[in-house]
> 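If you scroll down you'll find the structure; I have some questions about it.
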There are 2 protein chains.
Amino acid sequence: MTTDFDTLAQQLRDEGHKLTQPRRAILHALLDSSKPLSPAEIQERGQTYYADLGLVTVYRTLELMADIGIARAVHLADHCHGYALATPGHTHHVVCKHCHGVTEIVGCELGAFLASVADRTGYTITGHWLEISGICPTCQQNLPESKH
Amino acid sequence: MTTDFDTLAQQLRDEGHKLTQPRRAILHALLDSSKPLSPAEIQERGQTYYADLGLVTVYRTLELMADIGIARAVHLADHCHGYALATPGHTHHVVCKHCHGVTEIVGCELGAFLASVADRTGYTITGHWLEISGICPTCQQNLPESKH
DNA sequence: GATATAAATGAAAAACACTTTCAATACGGA
DNA sequence: TCCGTATTGAAAGTGTTTTTCATTTATATC
């Protein structure tokens, strides 16, 4: 279950990609960190492993790693790209992957889950964000058998 | 429970802010829409209510409304600003509001919740994103009584 | 209703984030 | 070791968000 460098490196190669110095540096930077890093931070930290690491390469490599499943994008609170009215009371969203329509789900049944998270991690939980993606009823009809 | 214009407008004023024409226009634009809008979309739609609505004002007003709790930022899938290594298996994050450290929560117990969402909304659920914020154990010690 | 004043605005410019293009480089199979 | 191709960094391009500042507008007070 430990995620070590060699495992990740092998995963890259298994998918048919080259294990280059920039990619090694990016992997190391991510492995070193206990928190998500912005592309710029990854470049900075990665440069301790490979001095010439370029930002463009960081973007490309992150995209590649996310595709493969090695890395994942973490939505930070700032720089969001959409706004909606906040419905009184606590709600979550379901976003349609196809038409980008949003349906709000009223009611929040995560209490027990959050309590167990607090227990397990020692955090004081102050908030949460849940976003669910899927295909809305309308798009299901309009795209009856398209796959991707 | 209905969110109407007058309620929102009053909320703005109650917080000590002026109810200007640009702000009215932005409120109307958001009220009209069933999905989250980007700042540019809000400007465009808002201009049907106030022709001179500027994009800068949209940004400022959204920030204000989010502070007050009238609007909320919706994280869209694209343009994320952080990356972390993906732990094998499905995990969620707890992000510390203070040090921005991230702890991964192994295991996902949302199955039943998601099933009920699918039922209620008619969506085919394809994925979900849960992010929990709080204060990590370390920061709780280092900030014993600081508030806000 | 008129006035004063502080908040709010829009335009312009700056800062920033991300993508595309392309010639040069380096990985890894032969 | 050599070769073909994937990968790279620099530069330029594009779009988004923030800052600055002079002007305008909402509202409390007269």
Side-chain angles (χ1 to χ4, degrees), chain A residues 5-6 8-29 36-68 70-71 73-83, chain B residues 5-6 8-29 36-68 70-71 73-83:
Chain A
F5 180 85
D6 291 334
L8 295 171
Q10 193 54 49
Q11 236 175 304
L12 259 181
R13 311 182 73 163
D14 287 348
E15 298 274 345
H17 303 286
K18 292 184 178 175
L19 184 57
T20 63
Q21 293 202 56
R23 286 175 183 171
R24 280 177 221 265
I26 291 167
L27 274 179
H28 279 303
L37 301 173
S38 68
E41 285 170 328
I42 292 170
Q43 180 190 27
E44 194 179 333
R45 295 178 183 215
Q47 285 178 340
T48 60
Y49 297 97
Y50 180 68
D52 287 345
L53 180 61
L55 188 55
V56 184
T57 299
V58 173
Y59 278 102
R60 285 189 283 227
T61 302
L62 289 173
E63 191 184 347
L64 174 69
M65 289 180 174
D67 277 352
I68 294 178
I70 288 179
V74 176
H75 302 244
L76 304 178
D78 299 336
H79 304 290
C80 292
H81 291 264
Y83 284 86
Chain B
F5 181 85
D6 291 336
L8 295 170
Q10 193 54 47
Q11 237 176 306
L12 258 180
R13 311 181 73 161
D14 287 348
E15 299 273 346
H17 303 286
K18 294 182 178 175
L19 185 57
T20 61
Q21 294 201 56
R23 285 174 183 173
R24 282 177 220 265
I26 291 166
L27 275 179
H28 279 303
L37 301 173
S38 68
E41 286 170 327
I42 292 170
Q43 179 190 28
E44 193 180 331
R45 296 178 182 215
Q47 285 178 339
T48 60
Y49 297 97
Y50 178 67
D52 287 344
L53 180 62
L55 188 55
V56 183
T57 299
V58 173
Y59 277 101
R60 284 189 283 229
T61 302
L62 288 173
E63 191 184 350
L64 174 69
M65 289 180 174
D67 277 352
I68 293 178
I70 289 180
V74 175
H75 301 246
L76 303 179
D78 298 338
H79 306 290
C80 292
H81 291 263
Y83 284 86

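Reminder, nothing fancy here: chain letters follow the sequence lines and each chain counts from 1.
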> Go through the structure and list residues passing side-chain contact (heavy atoms from CB on, under 4.5 Å) with A:Glu44, not counting sequence neighbours.
none
> If a protein heavy atom is under 4.0 Å from the base, mark B; if only from the sugar-phosphate, S; if neither, -; do that for nucleotides 20-30 of chain D going 5' to 3'.
B-----BS---
> Nearest whole angstrom, please: distance from the P of C:dC16 to the OH of A:Tyr59.
13 Å
> Send over the distance from B:Ile26 CD1 to C:dA8 P, rounded to a whole Å.
12 Å
> Side chain of B:Arg23: nearest nucleotide among C:dA8, D:dT7, C:dT19?
C:dA8
> In whole angstroms, how far is the P atom of D:dT17 from the CD atom of B:Glu41?
11 Å
> So which pairs with a foot in residues 8-29 of chain B pass ring-ring contact (aromatic ring centres under 6.0 Å, His included), sequence neighbours left out?
B:Phe5-B:His28, B:His28-B:Tyr49
> Taking atom C1' of D:dT17 as reference, at what distance in whole Å does atom CG of B:Leu62 sit?
12 Å
> Excluding sequence neighbours, so at least two apart, what forms side-chain contact (heavy atoms from CB on, under 4.5 Å) with B:Glu41?
B:Lys35, B:Leu37, B:Ser38
> Mind calculating the distance between CD (B:Glu44) and P (D:dT16) to the nearest angstrom?
12 Å
> Could you tell me the separation between the CD atom of A:Gln43 and the C1' atom of C:dC16, rounded to a whole number of Å?
14 Å
> Taking side chain as C-beta onward, heavy atoms only, is A:Leu62 less than 4.5 Å from A:Pro39?
yes
> Distance check needed: C:dC27 C1' versus A:Leu12 CG, whole Å only.
13 Å
> side-chain contact (heavy atoms from CB on, under 4.5 Å) with B:Thr48: which residues, sequence neighbours excluded?
none
> Rounded to whole angstroms, how far apart are CD1 on B:Ile68 and C1' on C:dA7?
14 Å
> If the condition is side-chain contact (heavy atoms from CB on, under 4.5 Å), which residues does A:Glu63 pass it with, not counting sequence neighbours?
none
